[in-house]
Amino acid sequence: MSTAVAMKPAQRLTGFMPLIALAALVAALTIADPDFLTQRSLIAVARTAAPLIVLAAGATLVVLCGGIDLSIAALASLSTVFLALWLPNLGGLATPAVIAVAAAIGAVQGVAHVLLRIPSFIVTLGGMAILSAVALVVSGAGTVRVVDDSPVHWLDLYLGGYVPMSAATALIVVAVIAVVLRVTPLRSWISATGYSESAARLAGTPVDLVKIGAFCVSGACAGLAAVMLVSRQFSGGPTMADNLLLPAVAAIVVGGTAITGGHGSVWRSLAGALVVTLLRVGLPIVGVPSAYEQILYGAIIVVAVALTLDRSKVSIVK
Amino acid sequence: MNALEVRGLVKHYPGVTALDGVDLAVRPNEVLGLAGENGAGKSTLLKALVGLVTPDAGTIHVRGEQVKLRSVVDAANHGIGMVFQEQSLVPNLTAAENIVLGSEGPAVRRGIYRWDVMRRLAQEQLDKIGSPIDPLARTDSLSFADRQMVEIAKVLRIEERSQHPPVVILDEPTSVLESKEIETLFAQIRRLREFATVIFVSHRLDEVLDVCDRVCVLRGGKSVGEVAAAGAVPRELHRMMIGSTGSDDHYHGSAATTVVEEQPRLSVRGLSGASFHDISFDVAPGEIVGIVGVHGSGREDVCRALFGAEPTTAGEIRMDGTRIDLPSTRAACAAGIGYVPAERKTEGMVGALSVAENMTLAKQQARCAGPFVAPKKQATLVDSWIRRLSIRTPGRDTPIQRLSGGNQQKVILARWLVAGDIRLLLLDHPTRGLDVGVRSEVYRLMRELAATGVATVLLGDSLEEAVGMADRILVMNDGRVATEVPCPTGAKPTPLDLVKEMV
Amino acid sequence: GCSEQAGGGNGTAAAGEATCEPSKVRLVGQVRNESNPYEASWLAGGDEFAKSVGLTQERLTYDGDSTKQQEQISQILAGDTKCLVMNVLPNGDSDTPPIVKGADQAGAYLVTQWNKPADLKPADYKTWLSHITYNGVESGQQIGDALATAIGGTGGIIALQGVLDTAAAKDRFVGLQNSLKKNPGVTLLDQQAANFSRAEALTVTKTLLTKHGDHVKGIWAANDDMALGALEALQQAGKAGKVAVVGIDAVPDAVTAVKNGTMTATVSSDGSWQGGIGLAIGFCAATGKLKVEDIAAANRAFFAEQFLITKDNAGEFAAPKTNPADFECGNVFNRVAGPLT
Amino acid sequence: MTSEVVTAPRRQSRRGAAFRDAGPPVALIVIFAIFSALSPQFRSTDNVQNIVDAAAVLAVVTCGITFVLMMGSIDLSAAGVMGACALTVSLLVANNRNDNGFGLLGIAVAVLLGCAFGALSGLALVLLKVPSFMATLGMSAVGLGVATLMFAGVQPNITDTMVKGLAIERFLGFSYLTWIAAVCVLLGWLIQRYTRLGRYAYAIGGAEEVLALSGVKVKPYKVAVFALAGAFYGLGGVMVTSQLGAGLVQAGDGYDFSAITAAVVGGTLLTGGRGGIPHSAVGVLLVMVLTNGLVQVGVSPYWQGGVEGLIVVAAVAAAVIPQRRRNQVVK
Ligand SMILES: Nc1ncnc2c1ncn2[C@@H]1O[C@H](COP(=O)(O)OP(=O)(O)OP(=O)(O)O)[C@@H](O)[C@H]1O
Ligand SMILES: Nc1ncnc2c1ncn2[C@@H]1O[C@H](COP(=O)(O)OP(=O)(O)OP(=O)(O)O)[C@@H](O)[C@H]1O
Ligand SMILES: O[C@@H]1[C@H](O)[C@H](O)CO[C@H]1O
Ligand SMILES: [Mg+2]
Ligand SMILES: [Mg+2]
């Protein structure tokens, strides 16, 4: 929890590495194109990053427990369909309903993982396929338009004219998760599970519940990300969020959370999500040609992880 | 000429001086014992001898020649090899591969395995120690003792490498062995002595005196003396180790609780699982019941079943007369049961978490106000237990992996005590790897807990320990309780009595 | 308080009104990727137009990733939008509304192609100049009919569908169904999605060929990439030339195949024209040579001319190149085949 | 104290050892039997041949990924590496874009390029200590970028008859590509069983730290394993190019996750140290039987992916039943 007491300066620095990487990236993009560092541009980045931040924050919990959730993007896509279908009838209630359903779906995967003893990688890979199929069928394999988006419109507004509501919401989600972890025993339980599941279990930690809970929150976050996407897109679609999976995982790892579990935080994922978003939108905007953009993206992500990962916490890197 | 000699070896770690000018001479074909408290510097010294630790000052001489050892390979080329404290075999390889690992020689030609050659090479090593195991057996299919034989065979492979009689280092090889296996190991060591030099570390001083020719004692990173094993007694060694005389009453028998006949705290009837059958016994409040048996007798699994960590197929468990169900460790925890596993590093502690977090992991309520962690309450609680158990740690926020084994064990014991609601404690090898001093402290703690009415099930680290601590002993054999032996202070059975029932 | 729009920007001040210096116009072309021939030719067409007016096109690609497309658009719109012209291929129908809304608020000139929801109309917006697409129902039917003729009016066929949730895939399949009604002798043995992908079409076709054996007389593919994959499958099954294949898009390899007779028909979708024309319309509007209110209602959302390509006329389509005359402000609506229905 | 000590290593189920490798083959037989019962076309010789032919590329890619998984690492670079190698080979053998005609040499270069990509992933892992998950994901993006550069807007179609022939010509009823895959599986198995590289890969998955204590330098072996995997992906890219008759940037789309699925379904553990090429071969067949069978029995295209996902999860669940333990760690 607060290992800060004995922290050496070098260790403290690794905690800030994700932020340093972020700043370096903004600087590099600004040098490449001075127009990039405008207020409007940064506001746009914040708004753009919101769904990714929420997705990554939720999945971070699963990663901290030592697992991985590959279903988040498919679940978010399915949730956009549900939301679009339900908005006409449920109105404002559609949002909590979708988040609740997504949370339940996440929890079901968690239960399958825990009870069937199948690696989370496989459960959620299967889950991804199943959820995609359901989304395709439920939506009739097409976009579901939202004619009256007023119940989710608030997410598309700007607080004080500057702060995108979606970004503010994402920030609140991250803060809430972080604070809850900080002030309750959950943090200990989650890291114990991630670092050493058997030791955690033999200390009476409710390992199974903790894992199911993590999947549940991850699902809920996918649901919320879906709400953000619908508010931005005025529709739901069966593949709408599918492409956010790898960026979300990249965000978590770039933030410095150990993919093997235990070490990391949602704050790190927030920084990671911003780095990934900047790379996704920044590189093409400053004029990097498509092919080189991919090459740079790959290379920068690898270097960013090399910078942010706190190696003193993980002895063997797989 | 000495087989190995160390002069003025110094090793500093941030904040600790692990070695403070150690001198040591090892004569050819002797078995040299190394004794000292936890943290005295034994492992560090030995690691320096196999090139895993680079000393800050001092010199190492092999057969009279000063050498610099940069790596395990380097040391092996000089004929020095080590059996590590935690077993270091690759479980999914064959025994033969493990034996030749890193020095395959003719067994691998241009990257291609020649299994027949490998088998032969491995067999040669196994023959040296007369081990009958199949070199091509997968290592994880071997028994613990057999695996240790493989480790020794592996170390002996350096003989071919260096063309000199090997120096074999054994760091606490017995801490995880059963008495029967220890006998076999000692027979091997005596056999090794014919052609090799052995350095042997153990916290069981009687053992050290039994197998060694000479014992050197380390304290605070310095050599503080040596004794010839013949005729020496453990008390003498102990005194040298800690600088004063230890208590006569190692097991604190005088503090043993007199068990009054009343409703049993724990009552087990007909409990069966995958590796044990029809187990029935009672433990009264304040009673310490020891379970003894060889590896595979099923006692570990019984212990785990009582903690909800192993499924049962039949039988019932009652706590203070109430029948309880243990579908999970959480349920056991809530029922006031605590468990200290034998594998401290992998199952006992969460290395990267702090002392405080490890100590409060099981009983979160002890550091919380409502659902929230109360930092002040936690600090007070943890610090008070650090003081009560004299846990040596820089602070409560230090990651537990930086503590010595004994102190780690105290933290894990404290884990079950912080909430004060513990009714039954299951201790699986609670003193494994602890020095005599710390062990004695653990025994005292067990007595204190018993005095407050905590029932204890003890799987002792040795038969002596079980006999010394227990009020009653169950002997398990092949998954069943073979017999029950009363074990009151003053009328203890001899270990030999028990062994007869065990096999 | 909350607001609809981020502050500190240039807003809609000059939307649709100002006439920009030709040299100040910013041209943006956005497609999925540069790794498929059709979309690569689109960007090349855009480059050619840009060059003809002394500008360069900013090329954006989003890997068929809807979210990435939106992210890029919002970033572009967060920059200088005064004389911004965008020629966009929305990933799917659902991606068009937010792009339109963003461009409208920022006052950027926008031309979209292929995908939009039916009830969203450029005519309701000031700077969304036009939406261009090809009549998928028509092309699906045309190649269906060509296939029916090729197999002599009777026999079984299999259909390879595109990405199931795109308008292009659905419309084209509706066209096939219309064709089947017209040709009662033709039966649809099976239909599978191969996602507009050559590789997926290859495996799916192989499986369907073993499933239906010699009953398969023809293969209807919703685009040429899949048709080319099906051709490979036929070759590997030793059935090359025995089964008729049709597709849509007129990618060079397909046109060649039609010319050689290995493929029966395809339909022209002129990528390089699409890449140039969107920018041209926007450029003309931005520089004031084309007044938005002067654009005929029928031209605000139209089907572009397309041709069925068979062995007879394949030669004319063999080497597609852009014709600068197409992009002159007076000619930009020359290829209108009819209003969107 | 004279009698034999009855010893059983703690918490290690002997029962499990016998069962655990049997799960996937049994699942394969069961699923095959079910589809055969449901569809006569499915069990036709033609279709069985078709399944085996269709499995060729996946088998080669899975061979590569298996070595990486055996070490306990993961590799997501297949898609990018295959794309880059597909473009490379299509531009080196006779094609419509240039006058090259290097034939076999072109194939060799493509395989070497795959090897180089793999080595880069490995180097990022051992030198920069970037987890393989991320290092290979990054490498995949780089591969796709390189492929897109080579694509340059015009589809390279191959005219080299030898390369095209690999997918078309048959020997004993199976396409040459299938025979290539069979050779790869055999080769992979030999590497796993009889070479230091293969055994060390296995050992690294079992207990990496022990290798270091035994004086083995693991880093070069890790890099070599990734390079070996890359070579298999490179060959996979060549095979896809031969099948499609053209070099596609998307040549490797989806192979990364299908290969991992196949390996895991076959019984290779994601945590390393168990499984291997024979397991993976069974896994590949299982996956291919499933995809083919679902089409043959006429499951709606909408549902196919979902049903496949469900069956994969069920198969893995069934396979782990014999080894299930209360306190087992599953990540
Ligand atoms: N890598 C290290 N970093 C920091 N301190 C270390 C390290 N290794 C050992 N020490 C310290 O050096 C001292 C000697 O440790 P060492 O392991 O040699 O003791 P030991 O005699 O083997 O103890 P035990 O009986 O518990 O095995 C201890 O205080 C320990 O904390
Ligand atoms: N990173 C570290 N920083 C400080 N001390 C460390 C660190 N790692 C290990 N140590 C110290 O190293 C010592 C030796 O480690 P080793 O693995 O030999 O355990 P040990 O002391 O022999 O344990 P045991 O008491 O169980 O025998 C430990 O006592 C511990 O205090
Ligand atoms: O590239 C695709 C397909 O080829 C299809 O023609 C639909 O339009 C484009 O989006
Ligand atoms: Mg030690
Ligand atoms: Mg020790």
Side-chain angles (χ1 to χ4, degrees), chain B residues 50-52 71-76 82 84 87-93 97-98 101-104 108 111-115 138-147 154 178-181 183-184 274-275 294-297 300-301 304 308-311 328-329 342 347 477-478 496 499-500 503, chain D residues 1-18 70-72 190-218 220-221 224 228 268-269 271-276 322-329:
Chain B
V50 289
L52 285 173
S71 66
V72 183
V73 180
D74 234 9
M82 171 146 148
F84 293 92
Q87 278 205 348
S88 51
L89 296 176
V90 182
N92 57 343
L93 294 186
E97 284 172 284
N98 269 301
L101 191 63
S103 66
E104 288 89 350
V108 180
I112 310 287
Y113 267 41
R114 302 198 298 173
W115 282 99
R138 251 178 81 121
T139 310
D140 56 8
S141 72
L142 298 175
S143 73
F144 203 93
D146 282 344
R147 276 184 275 170
K154 171 178 173 172
E178 300 290 322
S179 50
K180 167 79 182 148
E181 296 162 344
E183 275 314 309
T184 323
S275 60
V294 296
H295 270 307
S297 64
E300 284 94 349
D301 289 341
R304 288 169 99 85
E310 185 78 26
S328 69
T329 55
E347 297 190 335
N477 188 349
D478 204 13
L496 210 62
V499 167
K500 268 186 265 169
V503 291
Chain D
M1 270 217 217
T2 45
S3 61
E4 247 329 282
V5 187
V6 192
T7 48
R10 232 180 108 214
R11 281 178 301 113
Q12 201 223 306
S13 118
R14 276 177 260 173
R15 183 171 51 109
M70 248 162 33
M71 292 198 302
L190 290 176
I191 292 175
Q192 179 197 329
R193 187 111 186 72
Y194 290 102
T195 70
R196 195 190 318 244
L197 180 63
R199 294 303 290 177
Y200 277 9
Y202 198 55
I204 288 172
E208 184 172 343
E209 57 301 335
V210 172
L211 286 172
L213 282 183
S214 305
V216 175
K217 293 196 170 57
V218 291
Y221 291 99
L228 176 70
T268 295
L269 281 190
T271 41
R274 216 190 80 203
Q323 318 153 45
R324 226 181 297 176
R325 278 181 278 104
R326 173 83 62 93
N327 194 34
Q328 176 188 16
V329 176

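Looking at B:Val72, the atoms closer than 4.5 Å to chain D (heavy atoms on both sides) all sit in the side chain, from C-beta outward.
With salt bridges taken as basic N to acidic carboxylate O contacts below 4.0 Å, one links B:Glu347 and B:Arg304.
When the candidates B:Leu101, B:Ile112, B:Val108 are compared by the number of heavy-atom contacts under 4.5 Å with chain D, B:Leu101 comes out ahead. Contacts with chain B were tallied for D:Gly198, D:Gly215, D:Ala212, D:Gly206; D:Gly206 has the most, counting heavy-atom pairs under 4.5 Å.
Side-chain atoms of D:Ser214 and B:Lys154 include a donor-acceptor pair closer than 3.5 Å. A donor-acceptor contact under 3.5 angstrom links the side chains of B:Thr139 and B:Asn98, judged on distance only.
Applying the side chain to side chain contact (heavy atoms under 4.5 Å, CB included) criterion to D:Thr268, with sequence neighbours excluded, gives D:Thr66, D:Leu69, D:Ala263, D:His279, D:Ser280.
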